[in-house]
Peer 1: 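Before I ask anything, let me first share the structure, which is written out below as structure tokens.
For clarity, every value in this text was computed on a predicted model and none was experimentally measured. Below, chain A is the first sequence line, B the second, and so on; all start at residue 1.
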Amino acid sequence: MGFVTRRRPDTKGHEPFYAIVRRIPRGRVATYGQVAALAGRPGAARQAGYALAALPADNEVPWHRVINARGEVSERAPGSPFARIQRDLLRVEGVAFDDRGRVDLARFRWDP
DNA sequence: CTAGTGACTGTTT
DNA sequence: AAAACAGCCACTA
């Protein structure tokens, strides 16, 4: 047969990033740069973020487990609720934030 | 083709 | 430690 099961045509090549993000375990986080490197695109951290921003609402990708290299949840457009939602989802999984809203990467970074 | 942009990052103030 | 800078790379107009 060999018919291609393309529900969502990946015209922009985001799948390699999603494939990595799907492997991040509960209660762990990865940085954008880390995801890019594991996807075989070292230095393309911005593209990793771009790919997540393009994620459809109904997805099975744990996008909330990706944060920036400083251990903080990256803010989106002013007034966007996604950063707050992301922090909530992580707290539910047991990821701790310090008083400045940052995650201790030495402790919670996913080490594949 | 150039210019602007962004869920980024490492270095320098 | 926080902010500013300067690279970074793909997408858009």
Side-chain angles (χ1 to χ4, degrees):
Chain A
M1 321 263 237
F3 62 84
V4 183
T5 60
R6 270 193 194 288
R7 296 159 187 269
R8 289 189 288 268
D10 179 31
T11 60
K12 303 192 169 41
H14 293 325
E15 285 303 337
F17 294 108
Y18 300 155
I20 298 300
V21 177
R22 273 190 282 256
R23 292 172 43 197
I24 307 174
R26 274 179 104 255
R28 292 270 151 151
V29 298
T31 66
Y32 296 96
Q34 187 182 352
V35 169
L38 289 171
R41 310 279 304 288
R46 305 194 73 135
Q47 296 317 125
Y50 195 93
L52 293 182
L55 219 42
D58 62 328
N59 65 80
E60 40 183 294
V61 180
W63 56 270
H64 60 280
R65 311 215 257 243
V66 184
I67 64 180
N68 66 35
R70 301 185 326 196
E72 345 176 84
V73 165
S74 293
E75 289 296 332
R76 258 71 118 206
S80 171
F82 290 113
R84 177 188 59 73
I85 294 171
Q86 182 172 4
R87 281 186 285 270
D88 287 344
L89 288 171
L90 286 175
R91 270 189 284 262
V92 167
E93 296 187 351
V95 175
F97 288 82
D98 63 18
D99 49 6
R100 284 193 231 115
R102 296 198 308 211
V103 173
D104 182 356
L105 286 176
R107 206 171 93 186
F108 293 101
R109 182 199 284 270
W110 171 47
D111 186 18

Peer 1: So what does A:Arg70 touch, heavy atoms closer than 4.0 Å: a base, only the sugar-phosphate, or nothing?
Peer 2: nothing

Peer 1: Determine the interatomic distance between P on C:dG7 and the same-named atom on B:dA7; round to the nearest Å.
Peer 2: 22 Å

Peer 1: Rounded to whole Å, how long is the line connecting atom CZ of A:Phe17 with atom C1' of C:dC11?
Peer 2: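 Checked: the CZ to C1' distance equals 13 Å.
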
Peer 1: May I have the distance from A:Phe82 (atom CZ) to B:dG6 (atom P), rounded to whole angstrom?
Peer 2: 16 Å

Peer 1: Can you check the A:Asp98 CG to C:dA2 C1' distance for me, whole Å?
Peer 2: 14 Å

Peer 1: Calculate the interatomic distance between A:Glu72 atom CD and B:dC8 atom P; express it in whole Å.
Peer 2: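 Result: 10 Å.
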
Peer 1: Given side chains that start at C-beta, do those of A:Leu105 and A:Ile67 come closer than 4.5 Å, heavy atoms only?
Peer 2: yes

Peer 1: Heavy atoms under 4.0 Å, any strand shown: does A:Thr31 hit a base, just sugar-phosphate, or nothing?
Peer 2: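 Sugar-phosphate contact only.
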
Peer 1: If only atom types and distance count, is the side chain of A:Gln86 paired as donor or acceptor with the main-chain N or O of A:His64 below 3.5 Å?
Peer 2: yes

Peer 1: Side chain of A:Ser74: nearest nucleotide among C:dA2, B:dA7, B:dT9?
Peer 2: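 Closest of the options to the side chain of A:Ser74: B:dA7.
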
Peer 1: Ignoring backbone atoms, establish whether A:Arg41 has a side-chain N or O less than 4.0 Å from OP1 or OP2 of B:dC8.
Peer 2: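 False: A:Arg41 side-chain N/O out of range (4.0 Å or more) of B:dC8 OP1/OP2.
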
Peer 1: I want to verify a distance call: between B:dC8, B:dG6, B:dG10, whose nearest atom is closest to the A:Gln47 side chain?
Peer 2: B:dG6

Peer 1: Look at the side chain of A:Lys12 and decide which nucleotide, out of C:dT12, C:dA2, C:dA10, has an atom nearest to it.
Peer 2: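 Between C:dT12, C:dA2, C:dA10, the one nearest the side chain of A:Lys12 would be C:dT12.
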
Peer 1: From the set C:dC9, C:dA2, B:dA7, return the single nucleotide nearest to any side-chain atom of A:Leu52.
Peer 2: B:dA7

Peer 1: Check this for me: does the side-chain of A:Tyr50 come within 3.5 Å of the base of C:dA10 through a donor and an acceptor?
Peer 2: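 Looking at the base of C:dA10, it does not pair with any donor or acceptor on the side chain of A:Tyr50 (distance under 3.5 Å).
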
Peer 1: If you check the A:Arg46 side chain, which of C:dC8, B:dA7, C:dC11 turns out closest?
Peer 2: C:dC8

Peer 1: Do A:Gln34 and A:Pro112 have side-chain heavy atoms sitting under 4.5 Å apart?
Peer 2: yes

Peer 1: Taking A:Arg91's backbone N and O only, do any of them form a donor-acceptor pair with A:Asp88's side chain (distance below 3.5 Å, no angle check)?
Peer 2: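 Pair absent, no side-chain N/O of A:Asp88 close to backbone of A:Arg91.
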
Peer 1: Looking for any heavy atom pair under 4.0 Å, which part of the strands does A:Ala53 touch: base, sugar-phosphate only, or nothing?
Peer 2: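 A:Ala53: base contact, heavy atoms under 4.0 Å.
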
Peer 1: Quick one: A:Glu75 CD to C:dA2 P, roughly how many Å, whole number?
Peer 2: 15 Å

Peer 1: Rounding to an integer number of Å, can you tell me how far A:Asn68 CG sits from B:dG10 C1'?
Peer 2: 13 Å

Peer 1: Do the rings of A:His14 and A:Tyr50 sit parallel, tilted or perpendicular, given the 30° and 60° boundaries?
Peer 2: tilted

